[in-house]
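Have a look at the structure below before the remarks.
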There are 2 protein chains.
Amino acid sequence: MIKNIVIVDDHQLFLDGICALFNKHDDIKVLLATTNIKDAINCIDSENPHLVITDISMPEMSGIELIALLKKKQPKIKIMVLSMFANIQSYKDIDAYLLKETNEEELIFAINEVVEKNRKYLKIIEDKEENIILRDNNVLLTTREKEIIRLIIKEHNTTAIAEKLFISTHTVMTHRKNIFFKLEVTNIAGLTKKAFQLGII
Amino acid sequence: MIKNIVIVDDHQLFLDGICALFNKHDDIKVLLATTNIKDAINCIDSENPHLVITDISMPEMSGIELIALLKKKQPKIKIMVLSMFANIQSYKDIDAYLLKETNEEELIFAINEVVEKNRKYLKIIEDKEENIILRDNNVLLTTREKEIIRLIIKEHNTTAIAEKLFISTHTVMTHRKNIFFKLEVTNIAGLTKKAFQLGII
DNA sequence: TAATTAATACCATATTTGTGGTATTTTAAA
DNA sequence: TTTAAAATACCACAAATATGGTATTAATTA
(Lines give C-alpha, C1' and ligand atoms only; values in the text may rest on other atoms or scores of the structure.)
Protein backbone atom coordinates (compact mmCIF):
# COMPACT_ATOMS: atom_id res chain seq x y z
CA MET A 1 0.00 0.00 0.00
CA ILE A 2 1.31 3.40 -0.99
CA LYS A 3 0.80 6.01 1.67
CA ASN A 4 0.24 9.56 0.52
CA ILE A 5 1.61 12.10 2.94
CA VAL A 6 1.54 15.85 3.36
CA ILE A 7 4.12 17.40 5.66
CA VAL A 8 3.80 20.82 7.25
CA ASP A 9 6.63 22.17 9.34
CA ASP A 10 8.16 25.57 9.79
CA HIS A 11 11.69 24.31 9.20
CA GLN A 12 12.55 23.99 5.53
CA LEU A 13 15.61 21.93 6.32
CA PHE A 14 13.54 19.49 8.31
CA LEU A 15 11.28 19.15 5.29
CA ASP A 16 14.23 18.63 2.96
CA GLY A 17 15.65 16.05 5.29
CA ILE A 18 12.46 14.12 5.83
CA CYS A 19 11.76 14.08 2.08
CA ALA A 20 15.20 12.71 1.38
CA LEU A 21 14.50 10.11 4.03
CA PHE A 22 11.10 9.10 2.66
CA ASN A 23 12.62 8.92 -0.82
CA LYS A 24 14.23 5.67 0.21
CA HIS A 25 10.83 4.15 0.96
CA ASP A 26 8.82 3.11 -2.08
CA ASP A 27 5.60 2.78 -0.13
CA ILE A 28 5.61 6.40 0.97
CA LYS A 29 4.74 9.20 -1.39
CA VAL A 30 5.21 12.75 -0.24
CA LEU A 31 2.54 14.78 -1.99
CA LEU A 32 3.67 18.04 -0.49
CA ALA A 33 6.21 19.17 2.06
CA THR A 34 5.78 22.81 2.87
CA THR A 35 6.20 25.54 5.43
CA ASN A 36 3.08 27.24 4.16
CA ILE A 37 -0.03 26.21 6.03
CA LYS A 38 -2.44 27.55 3.43
CA ASP A 39 -0.75 25.55 0.66
CA ALA A 40 -0.94 22.51 2.86
CA ILE A 41 -4.64 22.95 3.55
CA ASN A 42 -5.34 23.39 -0.16
CA CYS A 43 -3.38 20.29 -1.05
CA ILE A 44 -5.03 18.25 1.68
CA ASP A 45 -8.46 19.37 0.44
CA SER A 46 -7.78 18.38 -3.15
CA GLU A 47 -5.41 15.42 -2.86
CA ASN A 48 -6.93 13.71 0.14
CA PRO A 49 -3.74 12.21 1.63
CA HIS A 50 -3.65 9.31 4.04
CA LEU A 51 -1.52 11.11 6.56
CA VAL A 52 -0.58 14.64 7.55
CA ILE A 53 2.63 15.14 9.48
CA THR A 54 2.93 18.39 11.36
CA ASP A 55 4.35 20.12 14.40
CA ILE A 56 2.54 21.66 17.32
CA SER A 57 4.66 24.77 17.40
CA MET A 58 4.37 26.82 14.27
CA PRO A 59 4.34 30.56 13.89
CA GLU A 60 1.40 31.25 11.58
CA MET A 61 -1.24 29.00 13.05
CA SER A 62 -0.92 26.74 16.04
CA GLY A 63 -0.58 23.09 15.12
CA ILE A 64 -3.51 22.35 17.38
CA GLU A 65 -5.72 24.67 15.40
CA LEU A 66 -4.54 23.16 12.13
CA ILE A 67 -5.27 19.66 13.36
CA ALA A 68 -8.72 20.62 14.61
CA LEU A 69 -9.48 22.21 11.25
CA LEU A 70 -8.28 19.23 9.24
CA LYS A 71 -10.14 16.67 11.32
CA LYS A 72 -13.28 18.74 11.05
CA LYS A 73 -13.05 18.78 7.27
CA GLN A 74 -11.86 15.22 6.79
CA PRO A 75 -12.49 13.09 9.86
CA LYS A 76 -10.79 10.07 8.33
CA ILE A 77 -7.44 11.74 7.81
CA LYS A 78 -4.62 10.55 10.03
CA ILE A 79 -2.57 13.10 11.91
CA MET A 80 1.00 12.59 13.03
CA VAL A 81 2.64 15.15 15.24
CA LEU A 82 6.40 15.41 15.18
CA SER A 83 7.23 17.75 17.98
CA MET A 84 10.18 19.00 19.95
CA PHE A 85 8.31 18.57 23.18
CA ALA A 86 7.05 15.61 25.09
CA ASN A 87 3.85 17.09 26.38
CA ILE A 88 0.68 17.94 24.59
CA GLN A 89 -2.48 19.53 25.80
CA SER A 90 -4.87 17.70 23.58
CA TYR A 91 -4.34 14.38 21.91
CA LYS A 92 -7.95 14.05 20.84
CA ASP A 93 -7.38 14.39 17.11
CA ILE A 94 -3.86 13.06 17.01
CA ASP A 95 -3.14 9.56 15.71
CA ALA A 96 0.60 9.55 16.16
CA TYR A 97 2.83 11.61 18.37
CA LEU A 98 6.58 11.39 18.08
CA LEU A 99 9.44 13.50 19.28
CA LYS A 100 11.81 14.99 16.77
CA GLU A 101 14.45 12.96 18.55
CA THR A 102 12.91 9.88 16.96
CA ASN A 103 14.74 7.87 14.36
CA GLU A 104 13.90 6.66 10.90
CA GLU A 105 12.88 3.19 12.03
CA GLU A 106 10.37 4.37 14.58
CA LEU A 107 8.99 6.94 12.19
CA ILE A 108 8.30 4.36 9.51
CA PHE A 109 6.87 1.97 12.07
CA ALA A 110 4.52 4.64 13.39
CA ILE A 111 3.34 5.51 9.89
CA ASN A 112 2.43 1.89 9.24
CA GLU A 113 0.71 1.55 12.58
CA VAL A 114 -1.44 4.56 11.94
CA VAL A 115 -2.16 4.38 8.24
CA GLU A 116 -2.25 0.65 7.56
CA LYS A 117 -3.23 -0.84 10.89
CA ASN A 118 -5.50 1.96 11.97
CA ARG A 119 -3.88 2.11 15.37
CA LYS A 120 -2.57 4.97 17.45
CA TYR A 121 1.08 5.55 18.22
CA LEU A 122 1.48 8.12 20.95
CA LYS A 123 4.93 8.49 22.41
CA ILE A 124 4.48 10.74 25.33
CA ILE A 125 6.74 10.96 28.31
CA GLU A 126 4.93 11.84 31.46
CA ASP A 127 7.43 13.84 33.41
CA LYS A 128 6.48 13.35 37.01
CA GLU A 129 8.81 15.96 38.34
CA GLU A 130 7.36 18.65 36.17
CA ASN A 131 3.90 17.22 36.63
CA ILE A 132 3.07 17.28 32.99
CA ILE A 133 -0.20 15.51 32.57
CA LEU A 134 -2.08 14.86 29.42
CA ARG A 135 -5.55 16.22 29.24
CA ASP A 136 -8.27 15.93 26.71
CA ASN A 137 -9.47 19.47 27.09
CA ASN A 138 -8.52 21.72 24.26
CA VAL A 139 -6.44 24.60 25.39
CA LEU A 140 -7.60 27.29 23.05
CA LEU A 141 -6.64 30.77 23.96
CA THR A 142 -8.62 33.71 22.67
CA THR A 143 -6.90 36.15 20.35
CA ARG A 144 -6.73 38.75 23.08
CA GLU A 145 -5.15 36.24 25.42
CA LYS A 146 -2.54 35.36 22.82
CA GLU A 147 -1.86 39.03 22.30
CA ILE A 148 -1.25 39.45 26.00
CA ILE A 149 0.81 36.31 26.34
CA ARG A 150 3.14 37.56 23.62
CA LEU A 151 3.62 40.85 25.41
CA ILE A 152 4.27 39.13 28.72
CA ILE A 153 6.94 37.06 27.05
CA LYS A 154 8.45 40.18 25.57
CA GLU A 155 9.11 41.16 29.17
CA HIS A 156 6.33 43.71 29.34
CA ASN A 157 4.72 44.08 32.73
CA THR A 158 1.05 44.55 33.44
CA THR A 159 1.07 48.35 33.29
CA ALA A 160 3.06 48.37 30.05
CA ILE A 161 0.64 45.91 28.47
CA ALA A 162 -2.35 47.95 29.62
CA GLU A 163 -0.87 51.11 28.09
CA LYS A 164 0.00 49.39 24.85
CA LEU A 165 -3.46 47.88 24.39
CA PHE A 166 -5.34 50.93 25.75
CA ILE A 167 -7.08 48.88 28.40
CA SER A 168 -7.10 48.89 32.17
CA THR A 169 -4.47 47.09 34.18
CA HIS A 170 -7.35 45.22 35.81
CA THR A 171 -8.33 43.85 32.46
CA VAL A 172 -4.79 42.72 31.82
CA MET A 173 -4.74 41.01 35.19
CA THR A 174 -7.99 39.24 34.41
CA HIS A 175 -6.66 37.96 31.10
CA ARG A 176 -3.52 36.89 32.90
CA LYS A 177 -5.51 34.92 35.44
CA ASN A 178 -7.52 33.23 32.70
CA ILE A 179 -4.39 32.38 30.74
CA PHE A 180 -2.75 30.92 33.83
CA PHE A 181 -5.83 28.82 34.48
CA LYS A 182 -6.08 27.57 30.92
CA LEU A 183 -2.41 26.70 30.63
CA GLU A 184 -2.26 25.30 34.15
CA VAL A 185 0.69 27.38 35.22
CA THR A 186 1.30 29.42 38.32
CA ASN A 187 3.78 32.01 37.20
CA ILE A 188 5.51 33.62 34.26
CA ALA A 189 8.20 30.97 34.08
CA GLY A 190 5.57 28.31 33.49
CA LEU A 191 3.73 30.57 31.12
CA THR A 192 6.80 31.22 28.99
CA LYS A 193 7.62 27.53 28.83
CA LYS A 194 4.09 26.63 27.76
CA ALA A 195 4.04 29.37 25.18
CA PHE A 196 7.22 27.95 23.69
CA GLN A 197 5.84 24.44 23.69
CA LEU A 198 2.54 25.43 22.16
CA GLY A 199 4.27 27.55 19.57
CA ILE A 200 2.44 30.67 20.62
CA ILE A 201 5.61 32.67 20.36
CA MET B 1 37.37 19.16 -2.78
CA ILE B 2 35.69 16.67 -0.50
CA LYS B 3 34.52 18.20 2.73
CA ASN B 4 34.54 15.99 5.80
CA ILE B 5 31.80 16.84 8.22
CA VAL B 6 30.75 15.84 11.70
CA ILE B 7 27.21 16.67 12.79
CA VAL B 8 26.04 16.87 16.38
CA ASP B 9 22.41 17.53 17.13
CA ASP B 10 20.00 16.27 19.74
CA HIS B 11 17.39 15.32 17.16
CA GLN B 12 18.04 11.95 15.57
CA LEU B 13 15.55 12.63 12.84
CA PHE B 14 17.28 15.86 11.95
CA LEU B 15 20.50 13.86 11.64
CA ASP B 16 18.83 11.23 9.48
CA GLY B 17 17.35 13.91 7.30
CA ILE B 18 20.50 15.92 6.88
CA CYS B 19 22.50 12.78 6.09
CA ALA B 20 20.02 11.77 3.44
CA LEU B 21 20.34 15.26 2.08
CA PHE B 22 24.15 15.29 2.05
CA ASN B 23 24.11 11.88 0.39
CA LYS B 24 23.10 13.59 -2.81
CA HIS B 25 26.26 15.67 -2.73
CA ASP B 26 29.43 13.88 -3.75
CA ASP B 27 31.69 16.56 -2.36
CA ILE B 28 30.36 16.18 1.16
CA LYS B 29 31.29 13.27 3.33
CA VAL B 30 29.55 12.85 6.65
CA LEU B 31 32.08 11.22 8.96
CA LEU B 32 29.68 11.05 11.86
CA ALA B 33 26.18 12.25 12.64
CA THR B 34 25.35 11.73 16.26
CA THR B 35 23.35 12.89 19.23
CA ASN B 36 26.20 11.93 21.54
CA ILE B 37 28.58 14.77 22.23
CA LYS B 38 31.34 12.57 23.60
CA ASP B 39 31.33 10.42 20.47
CA ALA B 40 31.47 13.56 18.40
CA ILE B 41 34.42 14.96 20.32
CA ASN B 42 36.30 11.66 19.98
CA CYS B 43 35.64 11.52 16.26
CA ILE B 44 36.65 15.13 15.78
CA ASP B 45 39.87 14.49 17.68
CA SER B 46 40.84 11.49 15.59
CA GLU B 47 39.37 12.24 12.17
CA ASN B 48 40.05 15.96 12.00
CA PRO B 49 37.05 16.99 9.90
CA HIS B 50 36.81 20.22 7.93
CA LEU B 51 33.53 21.25 9.45
CA VAL B 52 31.44 20.58 12.52
CA ILE B 53 27.72 21.29 12.33
CA THR B 54 25.95 21.68 15.64
CA ASP B 55 23.15 23.40 17.49
CA ILE B 56 23.31 25.89 20.31
CA SER B 57 20.61 24.25 22.34
CA MET B 58 21.45 20.75 23.43
CA PRO B 59 20.70 19.00 26.67
CA GLU B 60 24.01 17.48 27.72
CA MET B 61 26.40 20.31 27.07
CA SER B 62 25.59 23.74 25.74
CA GLY B 63 26.52 24.19 22.12
CA ILE B 64 28.54 27.24 23.12
CA GLU B 65 30.64 25.16 25.46
CA LEU B 66 31.16 22.52 22.79
CA ILE B 67 32.25 25.12 20.27
CA ALA B 68 34.66 26.74 22.71
CA LEU B 69 36.14 23.34 23.49
CA LEU B 70 36.57 22.37 19.85
CA LYS B 71 38.12 25.66 18.82
CA LYS B 72 40.52 25.44 21.71
CA LYS B 73 41.67 22.00 20.64
CA GLN B 74 41.68 22.59 16.91
CA PRO B 75 41.65 26.28 16.07
CA LYS B 76 41.47 25.60 12.35
CA ILE B 77 38.25 23.66 12.49
CA LYS B 78 35.19 25.35 11.00
CA ILE B 79 32.03 25.55 13.04
CA MET B 80 28.55 25.84 11.60
CA VAL B 81 25.63 26.43 13.90
CA LEU B 82 22.20 25.32 12.76
CA SER B 83 19.85 26.74 15.30
CA MET B 84 16.17 27.29 15.89
CA PHE B 85 16.78 30.82 17.07
CA ALA B 86 17.96 33.95 15.37
CA ASN B 87 20.01 35.37 18.16
CA ILE B 88 23.28 34.30 19.60
CA GLN B 89 25.27 35.60 22.50
CA SER B 90 28.70 34.90 21.13
CA TYR B 91 29.68 34.49 17.53
CA LYS B 92 33.39 34.58 18.24
CA ASP B 93 34.11 30.97 17.35
CA ILE B 94 31.34 30.46 14.86
CA ASP B 95 32.07 30.41 11.13
CA ALA B 96 28.55 29.86 9.88
CA TYR B 97 25.22 30.49 11.52
CA LEU B 98 22.01 29.36 9.88
CA LEU B 99 18.49 28.91 11.07
CA LYS B 100 16.89 25.51 10.86
CA GLU B 101 14.37 27.18 8.57
CA THR B 102 17.12 27.31 5.95
CA ASN B 103 16.94 25.25 2.79
CA GLU B 104 19.26 22.82 1.09
CA GLU B 105 20.61 25.38 -1.33
CA GLU B 106 21.65 27.87 1.31
CA LEU B 107 23.11 25.14 3.45
CA ILE B 108 25.37 23.88 0.68
CA PHE B 109 26.31 27.43 -0.25
CA ALA B 110 27.26 28.21 3.34
CA ILE B 111 29.38 25.07 3.60
CA ASN B 112 31.33 26.08 0.52
CA GLU B 113 31.77 29.63 1.73
CA VAL B 114 33.16 28.47 5.03
CA VAL B 115 35.21 25.43 4.12
CA GLU B 116 36.47 26.23 0.65
CA LYS B 117 36.50 30.00 0.55
CA ASN B 118 37.44 30.50 4.17
CA ARG B 119 34.71 33.08 4.65
CA LYS B 120 32.07 33.51 7.30
CA TYR B 121 28.37 33.05 6.69
CA LEU B 122 26.37 34.41 9.58
CA LYS B 123 22.66 34.69 9.06
CA ILE B 124 21.42 36.58 12.03
CA ILE B 125 18.27 38.58 12.16
CA GLU B 126 18.54 41.52 14.43
CA ASP B 127 15.09 41.87 15.85
CA LYS B 128 14.76 45.53 16.68
CA GLU B 129 11.53 45.16 18.55
CA GLU B 130 12.95 42.68 20.96
CA ASN B 131 16.22 44.55 21.05
CA ILE B 132 18.30 41.49 20.45
CA ILE B 133 21.84 42.61 19.97
CA LEU B 134 24.84 40.50 19.21
CA ARG B 135 27.64 40.67 21.65
CA ASP B 136 31.05 39.18 21.67
CA ASN B 137 31.13 38.54 25.36
CA ASN B 138 30.77 34.95 26.29
CA VAL B 139 27.80 34.33 28.47
CA LEU B 140 29.01 31.56 30.69
CA LEU B 141 26.94 30.79 33.71
CA THR B 142 28.42 29.04 36.69
CA THR B 143 27.13 25.60 37.58
CA ARG B 144 25.29 26.99 40.57
CA GLU B 145 23.66 29.61 38.42
CA LYS B 146 22.55 26.97 35.96
CA GLU B 147 21.16 24.93 38.82
CA ILE B 148 19.14 27.89 39.98
CA ILE B 149 17.99 28.86 36.51
CA ARG B 150 16.59 25.37 36.03
CA LEU B 151 14.65 25.57 39.26
CA ILE B 152 13.28 29.00 38.40
CA ILE B 153 12.05 27.63 35.11
CA LYS B 154 10.45 24.74 36.92
CA GLU B 155 8.25 27.35 38.54
CA HIS B 156 10.03 27.26 41.88
CA ASN B 157 10.09 30.52 43.75
CA THR B 158 12.99 31.93 45.70
CA THR B 159 12.08 30.35 49.02
CA ALA B 160 11.50 26.95 47.44
CA ILE B 161 14.88 27.12 45.72
CA ALA B 162 16.59 28.15 48.95
CA GLU B 163 15.03 25.19 50.78
CA LYS B 164 15.92 22.75 48.02
CA LEU B 165 19.57 23.82 47.87
CA PHE B 166 19.94 24.36 51.62
CA ILE B 167 21.02 27.95 51.16
CA SER B 168 19.64 31.29 52.21
CA THR B 169 16.99 33.09 50.20
CA HIS B 170 19.44 35.99 50.05
CA THR B 171 21.92 33.80 48.27
CA VAL B 172 19.29 32.73 45.80
CA MET B 173 18.42 36.36 45.18
CA THR B 174 22.07 37.19 44.60
CA HIS B 175 22.43 34.40 42.06
CA ARG B 176 19.24 35.59 40.46
CA LYS B 177 20.60 39.09 40.16
CA ASN B 178 23.83 37.85 38.64
CA ILE B 179 22.00 35.63 36.19
CA PHE B 180 19.75 38.50 35.14
CA PHE B 181 22.81 40.67 34.61
CA LYS B 182 24.69 38.06 32.62
CA LEU B 183 21.77 37.17 30.40
CA GLU B 184 20.68 40.79 30.07
CA VAL B 185 17.11 40.20 31.10
CA THR B 186 14.87 42.01 33.53
CA ASN B 187 12.40 39.38 34.60
CA ILE B 188 11.54 35.70 34.56
CA ALA B 189 9.90 35.87 31.15
CA GLY B 190 13.16 37.04 29.64
CA LEU B 191 15.10 34.54 31.68
CA THR B 192 12.98 31.61 30.52
CA LYS B 193 13.28 32.68 26.91
CA LYS B 194 17.05 33.01 27.11
CA ALA B 195 17.34 29.67 28.85
CA PHE B 196 15.43 28.05 26.01
CA GLN B 197 17.53 29.76 23.40
CA LEU B 198 20.80 28.90 25.06
CA GLY B 199 19.70 25.35 25.59
CA ILE B 200 20.16 25.54 29.32
CA ILE B 201 16.93 23.73 29.89
C1' DT C 1 51.39 32.61 46.54
C1' DA C 2 48.66 36.28 44.93
C1' DA C 3 44.71 37.30 42.44
C1' DT C 4 40.46 36.19 40.77
C1' DT C 5 36.16 33.88 40.52
C1' DA C 6 32.36 31.35 42.70
C1' DA C 7 29.36 30.79 46.28
C1' DT C 8 27.62 32.37 50.13
C1' DA C 9 24.84 35.82 53.26
C1' DC C 10 22.55 39.98 54.60
C1' DC C 11 19.72 44.55 54.25
C1' DA C 12 16.06 47.61 52.52
C1' DT C 13 12.26 48.83 49.72
C1' DA C 14 9.42 50.01 45.85
C1' DT C 15 7.19 47.54 42.41
C1' DT C 16 4.94 43.72 40.56
C1' DT C 17 2.62 39.36 40.81
C1' DG C 18 -0.60 36.04 42.00
C1' DT C 19 -5.06 34.90 43.96
C1' DG C 20 -9.49 35.55 45.51
C1' DG C 21 -13.51 37.49 44.06
C1' DT C 22 -17.72 40.35 41.23
C1' DA C 23 -19.74 42.43 37.20
C1' DT C 24 -20.82 44.85 32.75
C1' DT C 25 -20.65 45.33 27.75
C1' DT C 26 -19.66 43.65 23.31
C1' DT C 27 -19.28 40.04 20.02
C1' DA C 28 -20.27 35.65 18.09
C1' DA C 29 -22.80 31.45 17.72
C1' DA C 30 -26.82 28.39 18.08
C1' DT D 1 -33.15 36.10 18.90
C1' DT D 2 -31.69 34.03 22.78
C1' DT D 3 -27.50 32.20 24.63
C1' DA D 4 -22.83 31.77 25.31
C1' DA D 5 -18.27 33.42 25.01
C1' DA D 6 -14.97 37.18 24.94
C1' DA D 7 -13.38 41.37 26.46
C1' DT D 8 -13.70 44.63 29.58
C1' DA D 9 -13.28 46.79 34.55
C1' DC D 10 -12.88 47.03 39.45
C1' DC D 11 -11.39 45.68 44.47
C1' DA D 12 -8.18 43.97 48.02
C1' DC D 13 -4.13 42.01 49.80
C1' DA D 14 -0.49 38.74 50.75
C1' DA D 15 3.42 37.07 48.51
C1' DA D 16 7.13 37.48 45.53
C1' DT D 17 10.16 39.97 42.54
C1' DA D 18 13.51 43.31 41.02
C1' DT D 19 17.04 46.57 42.25
C1' DG D 20 20.25 48.84 44.89
C1' DG D 21 23.81 47.88 47.68
C1' DT D 22 27.90 45.39 51.04
C1' DA D 23 30.71 41.59 52.50
C1' DT D 24 32.82 37.04 53.83
C1' DT D 25 34.48 32.47 52.73
C1' DA D 26 35.90 28.74 49.62
C1' DA D 27 37.93 27.36 45.43
C1' DT D 28 40.51 27.88 41.50
C1' DT D 29 43.89 29.74 38.37
C1' DA D 30 47.77 32.61 36.89
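In the text below, chain A, chain B and the rest are named by the order of the sequence lines, each starting its count at 1.
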C:dA9 phosphate, OP1 or OP2, under 4.0 Å from B:Thr171 side-chain N/O: yes
For B:Glu163 and C:dA9, what is the distance between atoms CD and P respectively, to the nearest whole Å? 14 Å
Might you list the N or O atoms of the protein lying below 3.5 Å from N or O atoms in nucleotides 18-25 of chain D, with each pair's distance?
from	atom 1	to	atom 2	distance (Å)
D:dA18	OP1	B:Ile188	N	3.2
D:dA18	OP2	B:Arg176	NE	3.4
D:dA18	OP2	B:Arg176	NH2	3.3
D:dG20	O6	B:Lys177	NZ	2.6
D:dG21	N7	B:Lys177	NZ	3.2
D:dG21	O6	B:Lys177	NZ	2.8

What is the distance, to the nearest angstrom, from the CD1 atom on A:Ile161 to the C1' atom on D:dT8? 15 Å
Here the distance between atom P of D:dA9 and atom CG of A:Leu165, to the nearest Å, is 10 Å
Would you say a side-chain N or O of A:Thr169 is under 4.0 Å from OP1 or OP2 of D:dA9? no
Just checking, any donor-acceptor pair under 3.5 angstrom between side chains of B:His25 and B:Glu104? yes
Quickly work out the A:Ile179 CD1 to D:dA6 P distance and round it to whole Å. 13 Å
Check whether any side-chain N or O of A:Thr159 sits under 4.0 Å from OP1 or OP2 of C:dT15, and answer yes or no. no
Judged by modelled atom types alone, do B:Thr35 and B:Gln12 share a side-chain donor-acceptor pair under 3.5 Å? no
From the list A:Ile41, A:Ile79, A:Val81, side chain to side chain contact (heavy atoms under 4.5 Å, CB included) with A:Val52 holds only for A:Ile79
Write down the distance between CG (B:Leu141) and C1' (C:dA7), rounded to a whole number of angstrom. 14 Å
Would you please test A:Ile108 and A:Ile28 for side-chain contact (heavy atoms from CB on, under 4.5 Å) and show each step? CA-CA 9 Å; A:Ile108 301 300; A:Ile28 294 172; 3.7 Å; yes
Residue whose nearest DNA chain C nucleotide is more 5′ - B:Arg144 or A:Asn157: B:Arg144
About how many Å separate NZ of A:Lys76 and NZ of A:Lys78, when rounded to the nearest 0.5 Å? 10.0 Å
Below 4.0 angstrom from OP1 or OP2 of C:dA9, is there any side-chain N or O of B:His170? no
Pairing of A:Lys194 and A:Glu184 as salt bridge, 4.0 angstrom limit: no
To the nearest angstrom, how far is A:Asn178 atom CG from C:dG21 atom P? 14 Å
Phosphate OP1/OP2 of D:dA7: any A:Thr143 side-chain N/O under 4.0 Å: yes
Quick one, B:Thr159 with B:Asn157, criterion side-chain hydrogen bond (donor to acceptor under 3.5 Å, both in side chains). Give me CA distance, side-chain angles, the key distance, then yes/no. CA-CA 6 Å; B:Thr159 23; B:Asn157 63 24; 3.0 Å; yes
So does B:His175 get a side-chain nitrogen or oxygen closer than 4.0 Å to the phosphate oxygens (OP1/OP2) of C:dT8? yes
Length of the line joining B:Lys182:NZ and C:dA7:C1', which is rounded to integer Å: 11 Å
Atom CZ of A:Phe181 to atom P of D:dA6: distance rounded to whole Å? 13 Å
